[in-house]
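Contents: one structure, followed by commentary.
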Amino acid sequence: MKGHDFINSMLPDELILEIFRNLESKSSRDACSLVCRRWLTLERFSRDTIRIGASGSPDALVDLLARRFPNVTNVYIDERLSVSLPVDFGRRRNASHSSLSWLRLHFVSERSEAGASESDSYCISDAGLTAVADGFSNLEKLSLIWCSNATSAGLRSVAEKCRFLKSLDLQGCYVGDQGLVAIGKCCRQLEVLNLRFCEGLTDTGLVELALGCGKTLKWLGVAACAKITDTSLEAVGSHCSSLETLSLDSEFVQNKGVLAVAKGCSLLRNLSLQCINVTDEALTAVGVFCSSLESLALFSFQRFTDKSLCAIGKGCKKLKSLMLSDCYFLSDKGLEAVAAGCSELAHLEVNGCHNIGTYGLESIGRSCMRLKELALLYCQKVGDEALSEVGKGCKYLEALHLVDCSIIGDDAIYSIATGCRNLKRLHIRRCYEVGSKGIIAVGSNCKYLTDLSIRFCDRVGDEALVAIGQGCPFLRHLNVSGCHQIGDNGIIAIARGCPQLSYLDVSVLQNLRDMALAEVGEGCPLLKDIVLSHCRQITDVGLDRLVKRCRLLESCHMVYCPGITTAGVATVISSCTNMKKVLIEKAKVSERTQRRAGSVISYLCVDL
């Protein structure tokens, strides 16, 4: 009833706080904080996470947020991203106004300091980290992504005052050993540590950290740290017995370090290696000592052979995920050993391993009946027979990705479609032997398909999409870019049969006309993203019919469409209130449209 506040009079603080904690989006929480003073105060105590991007005077912003949200336990600072102030900072008259004024004054004073550059003013410094430490004493997760001005001094402040820290991400930070040593001494509950691209670190820092908090460490990532060697990994192997995940990318680590981890970290479940100097000796040790291994990813290995995979197949019976990328000396023999020993394998990706062919994949199809996702990229020796075995044996397959597999054709796709009826995602790119026959089989048999991408497959025509439209009512994502035989009939069938479609890429379809676009507008009201680039027959008329019906559109790419004019672009901007990105040539945007759209429009500068 008007004039009566039943919510505030009847609900206790604890219940309102619980409601706030269950709100999914930041915008919803911000909106609630504007309702009344009580909700503003309560919302302060319910917020447990803040995210900060690059901004003017970030140190001052952190200090403001620390005073505004005292119960925050998760802080994410990523200086690759932009940031906007919380909504109540800009809309409250009293406290917010003074806060903003103070922030601007602080920003001006920082800029006036000698030696302060414009780029430095957008980077959090040790003063900002001190504000984090002072304001968030219960901090559990801290991410400092590419915070180039943060040093060991700031990290030491965090270590000394945030002793409940469990997760620390220092990707791209030039912190030194002293900061890491402080973390090891003070943060004895640390479980997750990311040191990717921390060029200032040496073995000293990581060894001391392992000595300090190695017992609790479960996740460690190291990449492009030129001064991290086998010495660090030996310390990890000796002191981090609870380690479950190791991601290592280094030219300076050799067998000795990986051997130490394999022998000392028997609970290791996830291992990702990109180490050009590691050989069969180290991978064999992983197979012998890491019986709990569930995920293994090997990148650009040029010094190990099938012997390694044979050891993995023999010792890692719990392996569920295997990724092999640019491993030139692996052959069908190694994959056969994995298939024979790892019957629980659910995810397999083979990328650029030129000596793995049909026989190896046939072994997977016969032995790995729990396989759910298969990705074959640049596998020139894998033929139809391989996927035929997968279709027969892997009934639970849900996702298939094929890229540049030149001898895989319709028979393979037909076998997958008829054998794997739970298929939900099918991605095919530049597989020129795949045509309409295979895709028709998918439409006839895979009714749960939600994601179909068939890019630059010249033999796929309208009849294939007609089958998809008739048989796959749950389709949400469709990409047929570069399939030149597809025209109006195929897209119209999709529009009429797939009402849940939210993403559509029809770029480079030379036979697509306004009629199809109008049908999409009528039949796909949930559409959020569309790519029309290089569609030469699409005009403003079709675009108008599309946007007048698809009110949820958030992105529209329409470069190199000669039939789309300034008027068409204006129609898109004025009709789609949720629009976040429009990609178009600059010459097609009027001044009025530009003013109205602002940052929504991204330009492709070309001479028309």
(Q) Would Lys318 and Glu294 count as a salt bridge (Lys or Arg N to Asp or Glu O under 4.0 Å) here? Give the steps. (A) CA-CA 5 Å; Lys318 298 180 180 180; Glu294 296 180 0; over 6 Å; no
Q: Determine, step by step, whether Phe136 and Val75 satisfy the side-chain contact (heavy atoms from CB on, under 4.5 Å) criterion, reporting the C-alpha distance in whole Å, the side-chain angles of both residues, the deciding distance to 0.1 Å, and the verdict.
A: CA-CA 9 Å; Phe136 307 120; Val75 174; 3.9 Å; yes
Q. Under the side-chain hydrogen bond (donor to acceptor under 3.5 Å, both in side chains) criterion, do Thr73 and Asn138 qualify, and how do the steps go?
A. CA-CA 6 Å; Thr73 57; Asn138 294 321; over 6 Å; no
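Note: Ile428 CD1 to Asp404 CG = 12.5 Å, rounded to the nearest 0.5 Å. In this structure, Cys342 SG and Leu309 CG are separated by 9.0 Å, a value rounded to the nearest 0.5 Å. With rounding to the nearest 0.5 Å, the separation of NZ in Lys218 from CD in Glu244 is 5.5 Å.
Within the 3.5 Å criterion, the main-chain N or O of Val434 finds no donor-acceptor partner in the side chain of Asp410. Checked by atom type and distance alone, the side chain of Ser502 pairs as donor or acceptor with a backbone atom of Arg476 at under 3.5 Å.
Residues Val175 and Leu144 have side chains not in contact (no heavy-atom distance under 4.5 Å, counting atoms from C-beta outward).
For Ile356 against Val382, the heavy-atom pair with the smallest separation is O-CG2, 3.9 Å. Closest of all the heavy-atom pairs between Ile228 and Asp203 is CA-OD1, 3.5 Å. Closest of all the heavy-atom pairs between Leu397 and Glu373 is CD1-N, 3.8 Å.
No side-chain N or O of Glu349 forms a donor-acceptor pair with one of His401 less than 3.5 Å apart.
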